[in-house]
Amino acid sequence: MGRLGGCVNTGSARSRLVSWVVGVSVISMLFATGATACVALPAPAPPQPPDCTDPVCPLAAAARGRGIRVGAAVEADDLISNPAVADAVRRHFTSVTTENALKLSVVRPSPTLWNWGPADTVVAFAETNDLEVRGHTLAWVNESGSQNGLPAWMRDLNDPSEFRTAILDSVSAVVGRYQGRVDRWDVVNELFEYPVGVQAPSAFDRLGPDYVAELFEVAHAADPGAELWLNEVFTEVFPAKGDALVALVSSLRDRGVPIHGVGLQTHLTLSPAAPNPGSVSGLVARLRALGVEVAITEFDVPLGPLRTEQQQVDIYRQVTAECLSAGCTEITVWGVGDAFTTLDTAGQRQNNPLLAAFFSLPSTPLLLDVNLRPKAAYAAVVAALQRTPTPG
Ligand code: 9MR
């Protein structure tokens with residue numbers, strides 16, 4: 001891709017007003033970016049994707065060799081109904097994230113109904129296959145545009161004490177049930193509004209002003225051995241969200257709140273442009289300096305008229321290398337393969353008009369193709385895992 005192969009960043013910061021015309025609406029955002037001088041270079045050929053019939057494929061092998069995790073979001077139904085999916089997960093990945101199974105809307109759809117089946121399936125599959133588990137997610141805060149994982153009955157509890165009982169009891173029950181079996185939890189998901197990094201108003205405000213700390217404490221009490229994470233979206237696009245994350249994590253750590261990691265979702269769906277060089281590594285370094293782990297937790301890079309397969313490959317390589325160079329401990333993609341991406345669903349496209357405007361259908365955003373074969377992007381991530389130096 002030109003940005004990587006043929007452009008020189010001069011380092012002088014400037015602001016660029018980007019306007020995206022989406023249907024009848026215009027969405028304008030201010031970006032800070034380095035001035036860039038480009039020379040025309042021929043695009044390098046994409047790396048040949050490795051074929052893998054081995055029990056442990058290059059992606060998992062490279063991650064294990066480096067001592068980090070590569071993961072995929074999975075659904076229990078897909079693991080059960082499609083042996084090829086189960087096979088691909090166990091050979092290519094070392095970690096699974098519950099895509100929907102542990103959202104409270106799935107686990108506790110009514111006050112008296114606990115639906116453990118999907119999560120039990122994913123956790124048992126992981127144990128059988130020596131995979132780690134990221135439990136996603138206990139409190140999805142920002143409600144803008146999409147379901148946030150809260151069941152309607154909980155959202156409708158306007159009485160603060162009833163809401164408090166419902167949420168805190170549920171968090172305790174869910175984390176407690178999987179004590180010692182789920183390695184890490186996305187305790188709080190999508191806390192901040194965008195583009196600005198302020199806490200989004202939500203049903204969770206009924207818990208009081210310090211509810212983030214309280215949720216971490218409750219989860220910690222239910223499983224003191226589990227890692228507890230904050231998970232945030234679009235930090236590579238909106239620097240203010242990164243600043244807000246750093247400030248919040250700093251305050252939580254200063255107060256001794258049990259927070260162990262920060263996930264950067266990295267859904268690259270707002271713009272066809274690659275993240276500004278340094279935007280990922282810079283934030284990872286700032287967060288790690290606070291004493292927390294950092295991971296890419298929901299990576300996907302859809303294709304569209306303005307993003308070619310070669311650019312997809314380069315973005316996967318660039319972002320993975322940046323993350324690893326600053327000390328990331330996990331790279332997780334949001335789906336086992338292109339047939340399972342959520343980005344092609346109608347709901348996602350309605351909730352994110354930029355996704356509908358800029359990216360193809362199908363968007364083929366993942367590392368394995370529709371037949372679960374490794375793509376060129378897979379080879380690029382493997383190369384980044386093998387070659388990126390660890391931070392000194
Ligand atoms: O992929 C998930 C999709 O199947 C659900 O319908 C949707 C709403 O619950 O959530 C999707 O996953 C989201 C994740 O939980 C949080 N970050 C954004 C993900 C993609 O929308």
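Heavy atoms only: backbone and side chains are in, while hydrogens, waters and symmetry mates are out. Counting convention: from 1, in listed order, for ligands and their atoms alike.
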Discussion item. Quick one: does any side-chain atom of Ser105 pair with a main-chain N or O of Gly149 as donor and acceptor, under 3.5 Å?
Written reply: yes

Fill in: Contacting atoms of ligand 1, where contact means under 4.0 angstrom from a heavy atom of Asn189
16 (C)

Discussion item. Need the ligand 1 atom indices (1-based, order shown) with element for anything under 4.0 Å from a heavy-atom of Gln265.
Written reply: 17 (N), 18 (C)

Worksheet entry | Numbering as shown, the atoms of ligand 1 that approach Gln348 to under 4.0 Å (heavy-atom distance) | 20 (C), 21 (O)

Item to complete: Run down the list Glu99, His136, Glu75 and name the one with the heavy atom closest to atom 14 (C) of ligand 1.
Response: His136

Worksheet item: Would one find an N or O of Lys103, backbone or side chain, under 3.5 Å from an N or O of ligand 1?
Response: yes

Worksheet item: How does Thr137 reach ligand 1, by side chain, by backbone, by both or by neither, if only non-hydrogen atoms under 4.0 Å count?
Response: neither

Item to complete: For Asn100 and ligand 1, answer yes if some heavy atom of the residue is under 4.0 Å from a ligand atom, otherwise no.
Response: yes

Fill in: N/O separation below 3.5 Å, Glu298 to ligand 1
yes

Worksheet item: CG/Asn142 to CD/Glu193 distance, rounded to the nearest 0.5 angstrom?
Response: 6.0 Å

Discussion item. For Asp130, is the CG atom crowded, meaning more than 12 foreign heavy atoms sit under 6.0 Å from it?
Written reply: no

Worksheet, complete the sentence: Asn82 and Phe340 have their tightest heavy-atom pair at ND2-CZ, 4.1 Å

Practice prompt. Could you tell me how the ring of Trp140 sits relative to the ring of His136: parallel (under 30°), tilted (30 to 60°) or perpendicular (over 60°)?
Written response: tilted

Worksheet item: Taking atom CG of Leu367 and atom NE2 of His92, what is their separation to the nearest 0.5 Å?
Response: 10.0 Å

